[in-house]
2 protein chains.
Amino acid sequence: MVTEIIENYLKAIYELQRKYQSVPTNALAESLSIAPASVTGMIKKLAENGFLTYTPYRGVELTPEGMEKALKVIRVHRLAELYMVKMLGVPWDKVHEEAEKWEHVLSEELEERIEALLGYPKWCPHGSPIPSREGKVEYVKSFPLTELAAGISAVIAEVDDRNPELLRYLGELGLIPGEEIELVEIAPFDSLFRIKQGESQIDIGKEAASKILVTVIVE
Amino acid sequence: MVTEIIENYLKAIYELQRKYQSVPTNALAESLSIAPASVTGMIKKLAENGFLTYTPYRGVELTPEGMEKALKVIRVHRLAELYMVKMLGVPWDKVHEEAEKWEHVLSEELEERIEALLGYPKWCPHGSPIPSREGKVEYVKSFPLTELAAGISAVIAEVDDRNPELLRYLGELGLIPGEEIELVEIAPFDSLFRIKQGESQIDIGKEAASKILVTVIVE
DNA sequence: ACATTATTTTAGGCATAACTAAAACAAACT
DNA sequence: AGTTTGTTTTAGTTATGCCTAAAATAATGT
Ligand SMILES: [Mn+2]
Ligand SMILES: [Mn+2]
Ligand SMILES: [Mn+2]
Ligand SMILES: [Mn+2]
């Protein structure tokens, strides 16, 4: 049986694989807030169940089966987030936490009803792509706003959904995924990033700017 | 910590207390599909935690604290059922099962948003009352249609939400809570119950009739 | 009152998923 | 190559929540 706990492991491994080709035990332990020794035990079980390949001291990699399960959980998570924002009016800084629970309980029938009600959306409120029913995902190539050159226009692609404080801050400023902005200038020592959004000017610090992922506009 | 399992125990005890003043271990075990010995272990723990009083060999009774927790779970369950029927278009025979999961994961904030979106409803789709935020519930006095006398009018009050087949059957016939019907006649041996609903005549068997709870109409 | 039957509890186990402490291994540094 | 450091695994426990089999208690019938 695939428990909620297993789903969380698979999801975490999937996300860490965007950074590590083979996910180290410690990274996974850190991400799940579980002791490394406990993780070793669980990944052995997951390997036995065919969800991942495990090479001792080398880390783990999801099998196609593990990947499928992970994408399914992520799909429900992101659909749930968008549903709560659009249909229930839940603030975008709170939906991630709620979706951590919804992702484990929504039936396939509900998953599909919600998807249809939302008009088969492509992205969650934080800009992450929603995997298709068949498990296809396409991540947009993006980079931190801090790496953008002054004078260049870009579109906000994605923001960290696990940081409610950041989300509230950006939400108030209107800096949400899909919005077009221009980086007007960078103050000395990277201390301030001056942004133009439509007609308004917004100044944000380096810390916040580094957490806004953008894509350049290609015609 | 109040786990999902504890919530299910408290809910089951609450519902059994409508039948037993003190709930026997076996009845609870039966209702939860758990061995009686396991139930003994759990109720000891729940007693220690102050959710119920336990007299060995005599059964259990919820304390005010246990009652409060039980009503909270039931409230979320019924709100979730109605939400799924009205807002997500889920058939009424499927929502009970889904709500068994939702009842454990909805935050208070979502509970309240859903309640407001539904316009502070009083009953779930199957006719059971939705406890208020303060834990008030009022059950309507109802009895099986089989106990109604021929020629008398009544309103369908409540149907068993755990029986999808019955619900589909009644749903197709339009025999849902709130509908006014008249019991026209009862065929010999209680073999058939002839109902008038508006202009249409409906015949149903004793088995089904016994599961429709009605209230007589008082002017 | 005594025996039979039904209910409930006790005793002993098991699976899951976590923990800490100690040992083993791998990587990096001199 | 040998030592230090960091990572990972092993070994041994723990808490939950379930199980079966046996013992205890309560209810019922003669
Ligand atoms: Mn999220
Ligand atoms: Mn989760
Ligand atoms: Mn129900
Ligand atoms: Mn439940």
Side-chain angles (χ1 to χ4, degrees), chain A residues 1-17 19-62 66 69-70 73 100-101 103-105, chain B residues 1-17 19-62 66 69-70 73 100-101 103-105:
Chain A
M1 223 242 127
V2 178
T3 64
E4 170 165 343
I5 286 162
I6 290 175
E7 290 186 338
N8 283 337
Y9 269 87
L10 296 176
K11 188 165 66 117
I13 294 164
Y14 176 88
E15 310 217 303
L16 287 167
Q17 279 204 305
K19 189 171 162 192
Y20 306 94
Q21 78 292 25
S22 192
V23 177
T25 303
N26 259 8
L28 185 52
E30 163 84 4
S31 151
L32 292 167
S33 304
I34 286 172
S38 308
V39 170
T40 301
M42 179 56 103
I43 59 185
K44 277 181 181 168
K45 198 178 96 179
L46 295 179
E48 268 168 31
N49 287 317
F51 292 122
L52 47 81
T53 57
Y54 166 48
T55 320
Y57 295 101
R58 283 288 117 113
V60 296
E61 264 172 272
L62 292 178
K69 285 268 182 306
V73 177
E100 276 300 317
K101 299 178 290 178
E103 68 190 4
H104 308 292
V105 301
Chain B
M1 222 243 127
V2 178
T3 65
E4 170 166 343
I5 284 162
I6 291 175
E7 290 187 337
N8 283 337
Y9 269 85
L10 296 176
K11 186 165 67 119
I13 294 165
Y14 176 88
E15 310 218 301
L16 287 167
Q17 279 205 303
K19 189 171 160 192
Y20 306 94
Q21 79 291 25
S22 191
V23 178
T25 303
N26 259 8
L28 185 52
E30 164 83 4
S31 152
L32 292 167
S33 304
I34 285 171
S38 306
V39 169
T40 301
M42 180 58 102
I43 60 186
K44 278 181 180 168
K45 198 177 94 177
L46 295 179
E48 268 169 30
N49 287 319
F51 293 121
L52 47 81
T53 57
Y54 166 51
T55 320
Y57 295 101
R58 281 288 118 111
V60 296
E61 264 173 90
L62 292 178
K69 286 270 183 302
V73 177
E100 277 299 319
K101 300 178 289 178
E103 68 190 4
H104 308 293
V105 301

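We name chains A, B, ... by the order of the sequence lines, and we start the count at 1 in each one. Here the structure is a predicted model, which means the values were calculated and not measured.
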Exercise. Where do Val23(B) and Ile13(B) come nearest, in terms of heavy atoms and distance?
Worked result: CG2-O, 3.9 Å
Exercise. Taking only residues two or more places apart in sequence or in another chain, which ones pass side-chain contact (heavy atoms from CB on, under 4.5 Å) with Ala47(B)?
Worked result: Leu52(B), Tyr54(B)
Exercise. So which pairs with a foot in residues 5-14 of chain A pass side chain to side chain donor-acceptor pair (under 3.5 Å), sequence neighbours left out?
Worked result: Glu7(A)-His104(A), Asn8(A)-His104(A), Lys11(A)-Glu100(A), Lys11(A)-Glu103(A)
Exercise. Among all residues two or more places apart in sequence or in another chain, which pass the side-chain contact (heavy atoms from CB on, under 4.5 Å) test with Asn26(B)?
Worked result: Pro36(B)
Exercise. Listed by chain and number, what are the side-chain contact (heavy atoms from CB on, under 4.5 Å) partners of Ala27(A), not counting sequence neighbours?
Worked result: Leu16(A), Tyr20(A), Pro24(A)
For this session: Go along nucleotides 7-19 of chain C 5' to 3' and tag each nucleotide: B for a protein heavy atom under 4.0 Å from its base, S when only backbone or sugar atoms are that close, - otherwise.
Result: SBBB-----SSSB
Exercise. What are the 5'-most and 3'-most nucleotides of DNA chain D lying under 4.0 Å from any heavy atom of chain A?
Worked result: dT7(D) to dT10(D)
Exercise. Residues in side-chain contact (heavy atoms from CB on, under 4.5 Å) with Ser22(A), at least two apart?
Worked result: Glu61(A)
Problem set entry | Glu15(B): partners by salt bridge (charged side-chain N to carboxylate O under 4.0 Å, His left out), with sequence neighbours left out | Arg78(B)
